[in-house]
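Only one structure is covered here, and it is reproduced in the block below.
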Amino acid sequence: MAYTVPKLTDYSQAALERASAELISALGQETSAVKNEADWKALRDRWMARKNGVLTQINDLWLKGAPKSAKREVGQLVNSVIIPQVETAIRERHDHIKGVAILKTARANGLDAAIDAARRGAELSAALDITLPGIRRPIGAEHPVLRTSREIVAVFQKLGYSVADGPVIETDYYNFEALNFPPNHPARDTQDTLFIAGQQAKPPRERLLLRTHTSPVQIRTMEKMRPPIRIVIPGTVHRNDPPDASHSPMFHQIEGLAVDTNITFGDLKGTLDHAMKEFFGSSVKTSFRPSFFPFTEPSAEMFVSCFICGGSGRRGSDNAPCRPCKQTGWIEILGCGMVDPNVFEFVKDNGYDPKKVSGFAFGMGADRIALLKYGVEDLQLFFQGDVRFLQQFA
Ligand SMILES: [Zn+2]
C-alpha cells in the first residue's frame, strides 16, 4: 500500500522520530520497486512534485502545522534529514536503472565494445560525480620512538633545559678527541664506528665519520655558549652493529648536560631521579652503580626499579619471571657522570675553566626505552615501516 503522509498531532521527539522512520522506510520500498525509466519518473513526481508531492505534503502537514515551540525542530528534521534523503535515494535509483539498461543492451547485442563503452561511460560519470564521498587519506601517527624521545625531552624542558642539535656526520675531533678519547685509546674500540671513505689524506682529527653518540653536540654547544648551560640533545647516531632484535646500525639517543659553578653529584642524582619519576611514574626508584666513560669522572649507570613487574621480578597471575628486568627488579636506563675536567680543557677559553665550573652529563637510548615502555620484543619492528605494526600506536 502506498505511503500517505499522516497529519501530526503529537510533536514530541519520539513521535517525530517514529513518523520520519516510517517515511524513510516507505521511501526505501518504493524506490527499490522501480525497474525502468517510466516507473522512476512516476516515483520522482510522487515524491518531489511541487503540487501534492510527498515533500510538499510534509511541508504543509508537518512543518506548517507544527506548534510554535516545535517549529525549529521540525524544520531541522525536514530540511536537514528528510529532504536530502529523499533526493539522494531517488537520484541513486535513476543511476542504477540507467546502468542496468546499458548493460542489458550490450548483452543483448553481444558486443564487448558496447560493454567497454558502457564501462567507460560509468567510469567517466563516476569520475565526474561530485557527490561521491572523497578518498580518505589516513592521518597517521607519531612514531613510538620519536614520541618517546619527545616525551623525555619535554621532561627536561620543564626543568629549564633547552634543546640543542648538531651534525650527524662529524669529525673525529668532536666525536672522540674533545670527549677525552685520545687517538689509539682502547675506549674507541667500544664504539664500532662507521667512517666516511676516502678521508686518509686529512689529518686524523679532521676525518669524517657518522657520529657514534650525540655527545659531540655537548662540545659544539660549549664552544658557542658560555656557562651556565643546561641542554638536552635528542638525535640519531650510527654504529657498525648488524641489525638484530636489540641492535641497529642507526638508533636514537638523548643526552643532557648541565654546567655551572658548584654542580655536584647530588644535583645529578636529584635531577635524574625526578626525570625518571616524571617519565615512568612517581613510584619508580632509581639506583646508581659505578661505571666508566672517558668523558665523565666519576661515572655511573643508572637503573630504575622495573616499571613492568613493580620491582618484584615476577609478573602476571601465574607469577611468570619478568624478562625485561631479568627477574632482578631493576632496569638499566642510562649512563651518566660528572664532566671530566679534561673535557672542559677543550673549551676552557669560552669560560669553562675546570677550576671554576663543574657539571654533569647523561645519555640514554630512546629506542630501548620505547621497547620497554611499549613491550615490543624486536627493535627491528621500529624501522621496517610496516603500517600494521605502527598503527597499534595511533
Ligand atoms: Zn621486572
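Worth saying up front: this structure is predicted, and the values here are computed from it rather than measured. Counting starts at 1 for both ligands and their atoms, in listed order.
- Between Phe265 and Phe360, the distance separating the two ring centers is not shorter than 6.0 angstrom.
- In the model, Gln57 has no side-chain atom that pairs as donor or acceptor with a side-chain atom of Trp62 under 3.5 Å.
- No salt bridge links Glu37 with Lys98; every basic N to acidic carboxylate O contact stays at or beyond 4.0 Å.
- The number of heavy atoms from other shown groups lying within 6.0 Å of CZ (Arg323) does not exceed 12.
- The residues Arg239 and Asp241 are annotated as not salt-bridged, no charged nitrogen and carboxylate oxygen being separated by less than 4.0 angstrom.
- Protein nitrogen, oxygen and sulfur atoms, that is N, O or S, within less than 2.8 Å of the Zn ion (ligand 1) amount to 4.
- In this structure, Arg207 fails the cation-pi test against Phe195, since its NZ or CZ atom is not both closer than 6.0 Å to the six-membered ring centre and inside 45 degrees of the ring normal.
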